[in-house]
Number of protein chains: 2
Amino acid sequence: MTSSGAIMTGVKEAMPLEGEATTTEATQPRFAQVRDAVRADILAGVLPAGGRLPSEAQLCRQYGVSRITVRQALAELQASGLVHTVNGRGSFVSQPRAPGGQGPLVGVLEAMRKRGWKAHGRLLSHSVQKADAEVALALNLPPRTPVGAVTVARYCDDVPFAVGTTYLAPELAERLAAQDLEHNDVTDVLHRLLGLRTARTRVTVQAVAAQGMVARRLRKPAGAPLLRVLTTGLDYEGQPATYSETYGTPELLEYRVTLHNDTSSAREG
Amino acid sequence: MTSSGAIMTGVKEAMPLEGEATTTEATQPRFAQVRDAVRADILAGVLPAGGRLPSEAQLCRQYGVSRITVRQALAELQASGLVHTVNGRGSFVSQPRAPGGQGPLVGVLEAMRKRGWKAHGRLLSHSVQKADAEVALALNLPPRTPVGAVTVARYCDDVPFAVGTTYLAPELAERLAAQDLEHNDVTDVLHRLLGLRTARTRVTVQAVAAQGMVARRLRKPAGAPLLRVLTTGLDYEGQPATYSETYGTPELLEYRVTLHNDTSSAREG
DNA sequence: TAGTGGTCTAGACCACCTC
DNA sequence: AGGTGGTCTAGACCACTAA
């Protein structure tokens, strides 16, 4: 479904929609309907990233609502980062994670480079495995469901400082592994190049003792402190789309976040 | 332009407040002026926490603006968590950090208890010191400025799992240390009991090796991995108000956060 | 000049809550 | 019944950007 006409669903004809009269069932507010319709068009690719949205006047006609209602819908889309507006020019579909932009997540490579280091990644392996209990739980899948696993090491001036595995749909993993992970962060590739949309990201940060393969990869003796970062990316339906587990050396990797008092973000101990 | 009425502060008198005729200087939008005026009243305690705001109609008269403008102002205050509204009753000043509420920060004790553990804190020390370089930098003060330091240990079933020091204004530290830190989290006390308002919180999470006093307090051998969490609380002017440094045992303490795609929150590696 | 978003108003109907 | 917030409309002026 795309656009014109009524709001409720795919109805194409004008049909003032309106009228509360009798039907409308579980009537959501009109601005919410417009908001969801536009968001659906964006997520479905009908409105391509970077492209201009219909003008507010057009949206008014298209959905048969007043400008204030359209603006309320756009305001929420803007707050969620899916859309941005430029005075005098129009509203635009935000680039999914502009490179170096102000998305919520900044990849480790980008962060290192911003501080003046040379950093690069390397694809270590790429496979389809049966999800173990941990991955299945994180991705909300039945155990032993096939999932793609992409393991990447990150280097700072040729010293390895982080190694991690990202689990996601096999088809997405395939495309991820085909990208340039030498120069780009995994999160960046997923969002900017592959168009993945993430509504929320759950992060858990732990301290662990180095051991086994991870210790060797990071050139650490067993027992040395490492940072372990687990992230789960959730789509707009609340379903987990990606899960990653990353280990990093504490000298070079720390986790930073700024919590704004608005819109939650929950911290636990 | 027609309307009159003062926007600037809580002034009750009319005082037309410019019609933009010629000078308007750094004229902010009216809704922003209303928003800031109401926020100032809340932060200043003119509107007490938990109390009811003037109704939208009252605010319209008070500031001489239309209801839509008032609602736009309230919407932003609501988004920032300072205010919440109840259909049919009115708008209310949010309790600063409702106990167990949905504030951005959840203290460690609360988090442990939520998972079914018995947890308590203990005030270890409380003093006024000259800020060292690190604390001065974090609080944006000249070095050697006197600051209050409150050190607290947290126990889970009588096993110590976290110890940390909070630096803040001496007068606030005095009041903080006088509160019940046995049962309440420091962050909870600061916000709920002492009325501290925090616009943003910067958090840094690191993995470190246990050593010295911290290792002893947490009953860890030197070199064991510990989580180190640094937080800086920023007020609505962007000035740091609190700085804390906490060490925790990885078996019992981890850091969790949910990043929403809206409203930023920046992660770095 | 024409189109766009940014802001604002007056007025309206509804659902909800309290009295 | 009366007050409150939730939603919506039609119309207006402005600042900005573009052709």
Side-chain angles (χ1 to χ4, degrees), chain A residues 6-8 16-38 51-79 82-94, chain B residues 1-5 7 16-38 47 51-79 82-94:
Chain A
I7 294 173
M8 287 309 293
L17 181 270
E18 140 229 8
E20 337 79 44
T22 50
T23 57
T24 50
E25 317 200 36
T27 309
Q28 265 205 304
R30 324 255 289 228
F31 76 88
Q33 299 181 34
V34 174
R35 183 233 304 143
D36 293 342
V38 173
R52 232 199 62 185
L53 292 176
S55 74
E56 296 181 355
Q58 280 178 298
L59 289 171
C60 291
R61 289 192 294 274
Q62 189 168 333
Y63 294 105
V65 298
S66 79
R67 187 167 166 225
I68 280 199
T69 304
V70 163
R71 283 180 64 78
Q72 190 169 358
L74 289 182
E76 301 205 1
L77 290 175
Q78 193 167 13
L82 214 58
V83 149
H84 64 275
T85 78
V86 182
N87 197 332
R89 298 216 299 132
S91 296
F92 301 84
V93 179
S94 295
Chain B
M1 186 86 10
T2 57
S3 51
S4 56
I7 291 173
L17 192 276
E18 57 98 28
E20 53 12 273
T22 52
T23 59
T24 40
E25 315 202 40
T27 309
Q28 267 203 304
R30 324 257 288 232
F31 75 89
Q33 298 180 35
V34 174
R35 183 234 303 144
D36 292 342
V38 173
L47 301 170
R52 231 199 62 184
L53 291 177
S55 74
E56 297 181 354
Q58 282 178 298
L59 289 171
C60 291
R61 289 192 294 274
Q62 186 169 338
Y63 294 107
V65 299
S66 78
R67 185 164 170 232
I68 280 199
T69 304
V70 164
R71 284 180 62 77
Q72 189 169 358
L74 289 183
E76 301 205 2
L77 290 174
Q78 192 167 13
L82 213 58
V83 149
H84 64 276
T85 79
V86 183
N87 198 334
R89 299 216 298 132
S91 296
F92 301 84
V93 179
S94 295

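So that the names make sense, note that chain A is the first sequence line, chain B the second, and so on, each numbered from 1. Remember, it's a predicted structure, so these values are computed and weren't measured experimentally.
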Can you check the F92(B) CZ to dC17(C) P distance for me, whole Å?
-> 12 Å

CZ of R89(A) versus P of dG5(C): gap in Å, rounded?
-> 11 Å

Sorted by chain and residue number, the salt bridge (charged side-chain N to carboxylate O under 4.0 Å, His left out) partners of R89(B) (sequence neighbours excluded) come out as none

Check nucleotides 6-9 of chain D for protein N or O atoms closer than 3.5 Å to its own N or O atoms and list the pairs.
unit_1	atom_1	unit_2	atom_2	d
dG6(D)	OP1	T85(B)	OG1	3.1
dG6(D)	OP2	R71(B)	NH1	3.0
dG6(D)	OP2	R71(B)	NH2	3.4
dG6(D)	N7	R67(B)	NH2	2.8
dG6(D)	O6	R67(B)	NH1	3.3
dT7(D)	O4	R67(B)	NH1	3.1
dC8(D)	OP1	R30(A)	N	2.2
dC8(D)	OP2	F31(A)	N	3.3
dT9(D)	OP1	R30(A)	NH2	3.4
dT9(D)	OP1	S66(A)	N	3.4
dT9(D)	OP2	S66(A)	N	2.7
dT9(D)	OP2	S66(A)	OG	2.8
dT9(D)	OP2	T69(A)	OG1	2.4

Looking at residues at least two apart in the chain, or sitting in another chain, which of them share a salt bridge (charged side-chain N to carboxylate O under 4.0 Å, His left out) with E56(B)?
-> R67(B), R71(B)

Mind checking whether P54(A) and L59(A) have side chains closer than 4.5 Å, heavy atoms only?
-> yes

Heavy atoms, side chains only, cut-off 4.5 Å: are Y63(A) and T69(A) in contact?
-> no

Can you tell me how far C1' of dG3(C) sits from CD of Q58(A), to the nearest Å?
-> 11 Å

So do the side chains of L53(B) and V93(B) get within less than 4.5 Å of each other, counting heavy atoms only?
-> yes

